[in-house]
Protein chains: 2
Amino acid sequence: MQEKELVQLFQHFKKYTALPEKAEEAIAAICSPITIKKNRDLQPIGHTCKTIYFINKGIARIYYFKDGIDVTENFFFENSIIARVESLFTGKPSRKAIQVLEDAEITGINANLLFKLYDSFPEIERLFRKIFEAAYVETVHRIEGIQFHTAEERYKALLLEAPDILKRVPLKYVASYLGITQVSLSRIRGLM
Amino acid sequence: MQEKELVQLFQHFKKYTALPEKAEEAIAAICSPITIKKNRDLQPIGHTCKTIYFINKGIARIYYFKDGIDVTENFFFENSIIARVESLFTGKPSRKAIQVLEDAEITGINANLLFKLYDSFPEIERLFRKIFEAAYVETVHRIEGIQFHTAEERYKALLLEAPDILKRVPLKYVASYLGITQVSLSRIRGLM
DNA sequence: CTATTCATTTATCATATGATAAATAATCAC
DNA sequence: GTGATTATTTATCATATGATAAATGAATAG
């Protein structure tokens with residue numbers, strides 16, 4: 001594991017809570033570096049999520065198929081944690097995949113070993129509690145953004161809150177993320 | 001605090017993780033019983049969430065106003081935990097309120113004191129970590145249920161997955177929960 | 001019990017979005 | 001660099017849902 005990427009990871013963790021050195025070492029020991037090419041699946045559909053990922057570089061999305069149609073659930077950028085929580089927290093196989101949208105460098109954290117670390121390092125349990133609490137809050141905001149807003153409102157909100165998505169991600173993925181067809185998204189963009 | 005209601009609370013906690021007796025006592029010490037009449041707000045809009053609630057009896061909903069329109073974010077039944085997490089986990093005031101839809105008996109858990117207990121009782125931190133992880137997973141499922149489904153599909157899914165909501169909750173609240181108007185909901189019901 | 005308020009349904013019309021097809025534009029493999 | 005594939009836009013038509021109004025039904029206060 002490259003030192004540089006671990007530094008980036010622990011830098012990210014500091015936003016949530018401080019970790020004693022021993023705890024950092026313990027986490028470092030269960031991390032693996034992953035280099036992956038654009039458009040490849042980091043995790044396929046149907047497998048149980050046993051890894052928590054951190055993006056050092058690149059973009060990724062979680063997606064699944066609804067009636068044969070590719071639906072993007074979420075996008076993830078540099079310095080963020082990705083996990084298919086509905087699988088990670090339940091132990092059930094996930095119907096969702098993680099795909100990388102640019103050549104990426106990723107740190108994989110072995111989830112089972114991490115959960116074991118919770119017993120010896122309450123600070124680590126606290127860290128990940130806070131990480132997922134923050135992700136939970138984001139998800140709640142997401143619902144608010146969907147409920148009772150028109151497609152156009154949702155597009156404008158995205159333009160305001162996460163313009164990077166529109167700059168770096170193919171529109172066809174953005175469309176399903178917004179819950180509309182690609183054609184509708186194109187029409188909405190055309191009006192502005 | 002009534003013994004009976006605490007038993008019900010700890011019974012609920014057992015679904016997530018076992019607690020040592022001392023931890024249960026520590027939690028019991030920060031709980032207060034609340035009796036509240038139908039249609040009253042348990043927590044008003046604009047206040048910062050400092051209490052985690054457990055419903056011993058009754059139903060509640062979280063709601064807010066979007067452009068002057070009452071929107072239901074979620075429903076909660078007996079034996080469930082309610083919190084406006086976007087306020088609880090960020091310390092910011094909530095734009096949402098909690099309202100009781102039937103005469104209810106509720107246990108309030110002082111959140112600040114609870115978070116202090118996390119330091120001395122890792123088991124308590126673990127318990128609430130798991131509780132909110134499970135709630136997070138539910139929220140992720142919720143998004144899946146909204147994205148790319150028609151109003152009719154969403155109604156039918158609700159009929160299947162949570163028929164109790166339709167039995168015990170006024171339809172006007174169900175409509176905004178489904179992200180549609182009351183009139184549309186009525187029309188959809190009429191077709192079936 | 002009665003009157004009043006509130007909730008639900010029904011009807012009509014307007015509009016946003018979906019479905020499909022075709023034209024352009026951009027990207028990729030070789 | 002060129003052809004082939006893929007992404008995006010544009011156009012047309014169909015339909016689900018919203019907005020509004022009015023009628024019916026249920027709940028509540030006094």
Side-chain angles (χ1 to χ4, degrees), chain A residues 36-41 58-59 61 63 65-72 75 99-104 145-159 163-192, chain B residues 36-41 58-59 61 63 65-72 75 99-104 145-159 163-192:
Chain A
I36 179 168
K37 286 274 174 204
K38 181 169 175 171
N39 292 332
R40 287 286 167 74
D41 274 359
I59 310 184
R61 68 177 185 124
Y63 73 97
F65 290 96
K66 132 99 183 156
D67 300 338
I69 309 236
D70 177 317
V71 177
T72 296
F75 296 108
Q99 182 193 24
V100 149
L101 300 177
E102 295 175 355
D103 291 356
I146 297 175
Q147 226 177 358
F148 259 96
H149 290 251
T150 65
E152 193 174 338
E153 287 172 320
R154 268 148 32 217
Y155 174 73
K156 283 182 180 165
L158 191 68
L159 207 56
D164 283 3
I165 289 181
L166 290 159
K167 279 178 207 139
R168 291 170 69 181
V169 169
L171 290 173
K172 62 174 176 170
Y173 296 145
V174 176
S176 68
Y177 173 75
L178 291 174
I180 56 179
T181 62
Q182 193 185 348
V183 173
S184 288
L185 176 57
S186 186
R187 175 167 38 199
I188 287 165
R189 285 161 57 83
L191 296 175
M192 300 180 62
Chain B
I36 179 169
K37 285 275 174 202
K38 181 169 177 171
N39 292 331
R40 288 285 167 75
D41 275 359
I59 311 183
R61 68 176 184 126
Y63 73 96
F65 289 96
K66 133 98 182 152
D67 299 339
I69 310 236
D70 177 317
V71 177
T72 296
F75 296 107
Q99 182 192 27
V100 150
L101 301 177
E102 294 176 354
D103 290 356
I146 297 175
Q147 228 176 353
F148 258 95
H149 291 251
T150 64
E152 192 174 338
E153 286 172 321
R154 271 153 23 221
Y155 173 72
K156 282 183 182 163
L158 190 69
L159 207 55
D164 283 2
I165 290 181
L166 289 159
K167 278 180 209 141
R168 291 170 69 181
V169 169
L171 289 173
K172 61 175 176 169
Y173 296 146
V174 176
S176 68
Y177 173 76
L178 291 174
I180 57 179
T181 62
Q182 193 185 347
V183 173
S184 287
L185 176 57
S186 185
R187 175 167 39 201
I188 287 164
R189 285 161 55 85
L191 297 173
M192 300 178 64

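The figures here come from the full heavy-atom set of this structure, side chains too, leaving out hydrogens, waters and symmetry mates.
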inquiry  = Test side-chain contact (heavy atoms from CB on, under 4.5 Å) on F148(A) and I180(B); report intermediate values, then the result.
reply    = CA-CA 7 Å; F148(A) 259 96; I180(B) 57 179; 5.9 Å; no

Check: [Y] and [X] side chains under 4.5 Å, non-hydrogen atoms:
{"X": "Q147(A)", "Y": "K66(B)", "result": "no"}
{"X": "V169(A)", "Y": "L101(A)", "result": "yes"}
{"X": "V100(B)", "Y": "N39(B)", "result": "no"}
{"X": "V71(B)", "Y": "Y63(B)", "result": "no"}

key: Five-pair end axes of the helix from dC1(C)-dG30(D) to dC30(C)-dG1(D) and the angle they enclose, rounded to 10°   = 60°

query = Contact boundaries of DNA chain D with chain A (under 4.0 Å, heavy atoms), 5' to 3'?
reply = dA7(D) to dT12(D)

Taking only residues two or more places apart in sequence, or in another chain, which ones meet [X] in a salt bridge (charged side-chain N to carboxylate O under 4.0 Å, His left out)?
{"X": "D164(A)", "result": "K167(A)"}
{"X": "K38(B)", "result": "none"}
{"X": "D41(B)", "result": "none"}

inquiry  = Set out, in order, the CA-CA distance, both residues' side-chain angles and the distance that settles side-chain contact (heavy atoms from CB on, under 4.5 Å) for L166(B) and L171(B), then state yes or no.
reply    = CA-CA 7 Å; L166(B) 289 159; L171(B) 289 173; 4.0 Å; yes

inquiry  = Among residues at least two apart in sequence or on other chains, which ones pass side chain to side chain donor-acceptor pair (under 3.5 Å) with Q99(B)?
reply    = R61(B)

query = Does E102(B) have any side chain to side chain donor-acceptor pair (under 3.5 Å) partners at least two apart in sequence or in another chain, and if so, which?
reply = R168(B)

Can you give me the N/O atom pairs linking the protein to nucleotides 23-30 of chain C at distances under 3.5 Å, or say none if there are none?
residue, atom, partner, partner atom, Å
dC28(C), OP1, K38(A), NZ, 3.3

query = What parts of residues 146-156 of chain B reach DNA chain C, counting only heavy atoms under 4.0 Å away?
reply = none

ask   = In residues 178-191 of chain A, which ones come under 4.0 Å of DNA chain C, going by heavy atoms?
value = G179(A), I180(A), T181(A), V183(A), S184(A), R187(A)

Only distances under 3.5 Å count here; give the side-chain donor-acceptor pairs of residues 185-192 of chain B to other protein atoms, sequence neighbours excluded, each with its distance to 0.1 Å.
residue, atom, partner, partner atom, Å
R187(B), NH2, S184(B), OG, 3.3
R189(B), NH1, Y155(B), OH, 3.2

request  = Report the distance from atom CG of L178(B) to atom NE2 of H149(B), rounding to the nearest 0.5 Å.
outcome  = 12.5 Å

Shortest non-hydrogen contact from [X] to [Y]?
{"X": "A104(A)", "Y": "G58(A)", "answer": "CB-CA, 4.1 Å"}
{"X": "L158(B)", "Y": "Y177(B)", "answer": "CD1-CE2, 3.8 Å"}
{"X": "G145(B)", "Y": "R154(B)", "answer": "O-CG, 3.4 Å"}

query = Is there a residue in residues 163-174 of chain A whose heavy atoms reach under 4.0 Å of DNA chain D, and which residues are they?
reply = P170(A), L171(A), K172(A)

request  = Run the numbers on Y173(A) and D70(A) for side-chain contact (heavy atoms from CB on, under 4.5 Å), then give the verdict.
outcome  = CA-CA 8 Å; Y173(A) 296 145; D70(A) 177 317; 4.2 Å; yes

